[in-house]
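One structure is given below, encoded as structure tokens.
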Amino acid sequence: MSETHISDIASHSGQDITIKGWLYNIRSSGKLMFPEIRDGSGIIQGVVSKKDVDERVWNDFQRLTQESSIIVRGKVREHPKRPGVFELDVADVDIIQIAEPYPITPKEHGIEFLMEHRHLWLRSQRSYAILKVRAEVVRAIHDYLDSNGFVLMETPILTPAACEGTTTLFEVDYFDEKAFLTQSGQLYNEATAAAFGRVYTFGPAFRAEKSKTRRHLTEFWMVEPEIAYMDLDGLMTLSENFLSYIVQRVIEKRAVELESLGRDITKLESVKPPFPRITYDEAAKMLDEGHKKGELENAFEYGSDFGSPDETYVSSQFDRPVMVHRYPAQVKAFYMEPDPEDATKALGVDVLAPEGNGEIIGGGQRMVSHDLLVQRIHEHNLPMDAFEWYVDLRKYGTYPHSGFGMGVERCVRWICGIEHIRETVPFPRMLHSIRP
RNA sequence: UCCUGAGUAGCUCAAUGGCAGAGCAUCCGGCUGUUAACCGGAGGGUUGUAGGUUCGAGUCCUACCUCAGGAGCCA
């Protein structure tokens, strides 16, 4: 009898196998029991027939509770009513533990209760599907970048100062010195890109902002490619190829999981280059018209950054991600290269995911001029000494370069078509929420 | 941080200011193809916390706590 994973069950039809897992649910019908067994790779229905098993096995199954850990032996056979579906004709069981009454029952639960029991909620089929998609997204990110000449560069998580200074950071004690958890690896990547040409960093980022929305985590994962001698147009081309690769890969590998989440896959199939590219001014015009048509409640104030309802409106006008570029310089980060055609604009781009999802990528062309960069650091009242090494990059072979950051959880949320970002990571960290 | 809403059995929810209830889960019993199985029975409560109004408060008032939804900020 070989040990088998439920995901491979179809290739073991007619064979005696062993499954090590947990009891997901059990139904009984007098002298028949139908335990559903979960092993991390899938779920299979067992059939226990009173007349075919030892009395000990029958009695053991009667004692089992939801999520009891068990080792089950039996023969794989096709479901009598469902062609292509396999079930296990159970012969024997070893009980590792009879679980205590399981808090998460097969009925519905509120989100507060589920979040308090996240360590158990992970075993649900919904969490399973989402986190399998997440793992596929992460693999696709690495595969795309690794096979396109990018070198993985880990950047520090403990940092001496803000990358952008504008957002709130988590402070830690670093041997009696103040240090902060990183909010982005970008500035360090501008140094590694000058050494390796094409680099990316992939790691956690931390934001202590008091954001309480379905798009925000305080701890999230971000992938940040940085490319020497690439301009804004090149960056937009990279963005659309990168995102399209990820989405098509998930459709190819995780269609079953997407369907179990009720995702309309046809809405993902259109995610292929080219993505529409519109300027900030064009987006502002769309928002104006949307407001006049009554489709957007609040009027957009030209010159400001897009609010959440604005992003939702613009992104819902397209069937694939839309790239909005050339924002007013004053609403963007200090290191953005000014547009040579219009110095009030910055060569930045945000990629807004469709179906109202909003921003999943933000990036742009980085500033080349030493003197202008120093001026911007002063204008933003940033501590010059913390940025000396960064300014140095503009003294020793300054170079045009571009990069972006993509929030992994936002990407997963969009691909899965789920409402809240908290389900896209095993243990989400949110405002006032750090347990379990 | 601001705005809005909600806290009643382990869970999901009912209860005109007047006896705190149902379904699921748990326990006991029944059923040979069940699919959130079903049928019968049992146990299970400091109504978020602290005050107040009232003959009487789950219900009305005040404060606080927790959670949810939204805004701002951002990936």
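Just so we're clear, the structure is a prediction, and the values are computed from it rather than from any experiment.
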In whole Å, measure the gap between the [atom1] atoms of [N] and [M] for me.
{"N": "A15(B)", "M": "G48(B)", "atom1": "P", "answer": "15 Å"}
{"N": "A57(B)", "M": "G18(B)", "atom1": "P", "answer": "11 Å"}
{"N": "C24(B)", "M": "G33(B)", "atom1": "C1'", "answer": "24 Å"}
{"N": "G17(B)", "M": "G23(B)", "atom1": "P", "answer": "25 Å"}
{"N": "A68(B)", "M": "C55(B)", "atom1": "P", "answer": "40 Å"}
{"N": "G43(B)", "M": "G21(B)", "atom1": "C1'", "answer": "16 Å"}
{"N": "G58(B)", "M": "C67(B)", "atom1": "P", "answer": "26 Å"}
{"N": "A20(B)", "M": "G45(B)", "atom1": "P", "answer": "14 Å"}

Query raised in the report: On RNA chain B, nearest-nucleotide positions of Met430(A) versus Met406(A): which is more 5'?
Result: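 Counting from the 5' end, the first nearest nucleotide belongs to Met430(A).
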Report task. For Leu431(A) and for Pro103(A), locate the closest nucleotide of RNA chain B by heavy-atom distance; then report the residue assigned to the nucleotide nearer the 5' terminus. Result ->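 Upstream on the strand: Leu431(A).
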Between [X] and [Y] (side chain of the first, backbone of the second, donor and acceptor by atom type, cut-off under 3.5 Å), is there such a pair?
{"X": "Gln62(A)", "Y": "Trp58(A)", "value": "no"}
{"X": "His216(A)", "Y": "Lys212(A)", "value": "no"}
{"X": "Glu224(A)", "Y": "Gly185(A)", "value": "yes"}
{"X": "Arg198(A)", "Y": "Val151(A)", "value": "no"}
{"X": "Asp39(A)", "Y": "Ile6(A)", "value": "yes"}
{"X": "Thr182(A)", "Y": "Ile157(A)", "value": "no"}

Between [N] ([atom2]) and [X] ([atom1]): distance, integer Å:
{"X": "His117(A)", "N": "C11(B)", "atom1": "NE2", "atom2": "C1'", "result": "10 Å"}
{"X": "Met115(A)", "N": "C11(B)", "atom1": "CE", "atom2": "C1'", "result": "17 Å"}
{"X": "Ile104(A)", "N": "U12(B)", "atom1": "CD1", "atom2": "C1'", "result": "14 Å"}
{"X": "Glu209(A)", "N": "C2(B)", "atom1": "CD", "atom2": "P", "result": "17 Å"}
{"X": "Ile360(A)", "N": "A75(B)", "atom1": "CD1", "atom2": "P", "result": "13 Å"}
{"X": "Ile26(A)", "N": "A37(B)", "atom1": "CD1", "atom2": "P", "result": "11 Å"}
{"X": "Phe206(A)", "N": "C74(B)", "atom1": "CZ", "atom2": "P", "result": "20 Å"}
{"X": "Trp414(A)", "N": "A75(B)", "atom1": "CH2", "atom2": "P", "result": "18 Å"}

Counting the benzene-type ring for Trp, do [X] and [Y] have ring centres under 6.0 Å apart?
{"X": "Phe306(A)", "Y": "Tyr313(A)", "result": "no"}
{"X": "Tyr280(A)", "Y": "Tyr302(A)", "result": "yes"}
{"X": "His142(A)", "Y": "Tyr200(A)", "result": "yes"}
{"X": "Trp121(A)", "Y": "Phe427(A)", "result": "no"}

**Report entry** Donor-acceptor pair between Ser308(A) and Arg215(A) side chains, under 3.5 angstrom
**Finding:**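 Judged by distance alone, the side chains do pair up.
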Query raised in the report: Does a donor on one side chain and an acceptor on the other come within less than 3.5 Å for Thr237(A) and Arg277(A)?
Result: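 Side chains of Thr237(A) and Arg277(A): pair found under 3.5 Å.
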Using a 4.0 Å heavy-atom cut-off across all strands, classify [X] as base, sugar-phosphate, or nothing.
{"X": "Ile361(A)", "result": "sugar-phosphate"}
{"X": "Arg422(A)", "result": "sugar-phosphate"}
{"X": "Asp350(A)", "result": "nothing"}
{"X": "His216(A)", "result": "base"}
{"X": "His420(A)", "result": "sugar-phosphate"}

Query raised in the report: Can you tell which of A75(B), C74(B), C11(B) lies closest to the side chain of Met222(A)?
Result: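 Output: A75(B).
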Requested in this report: Identify which nucleotide among A68(B), G10(B), C73(B) has an atom closest to any side-chain atom of Phe113(A), counting heavy atoms from C-beta outward.
Outcome: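 Nucleotide nearest to Phe113(A)'s side chain: G10(B).
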Tabulate atom names and distances for all N/O pairs under 3.5 angstrom spanning the protein and nucleotides 63-66 of chain B.
none

**Report entry** B/S/- contact track for nucleotides 23-36 of chain B, protein heavy atom under 4.0 Å
**Finding:** -SS-----BBBBBB
Report task. List the atom of Gln330(A), the atom of Gly303(A), and the distance in Å for their closest heavy-atom pair. Result ->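 The answer is NE2-O, 3.9 Å.
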Query - Heavy-atom closest contact (Ile104(A) atom, Gln66(A) atom, distance) - result: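 Ile104(A) and Gln66(A) have their closest heavy atoms at O-NE2, 3.0 Å.
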Query raised in the report: Is the phosphate of C73(B), meaning OP1 or OP2, less than 4.0 Å from a side-chain N or O of Ser211(A)?
Result: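 Negative; the distance criterion is not met.
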Requested in this report: Using both pair distances under 3.5 Å as the test, note the stems of at least 3 consecutive Watson-Crick or G-U pairs that include RNA chain B.
Outcome: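 In RNA chain B, stems of three or more pairs: B:1-7 with B:65-71, B:10-13 with B:21-24, B:26-30 with B:38-42, B:48-52 with B:60-64.
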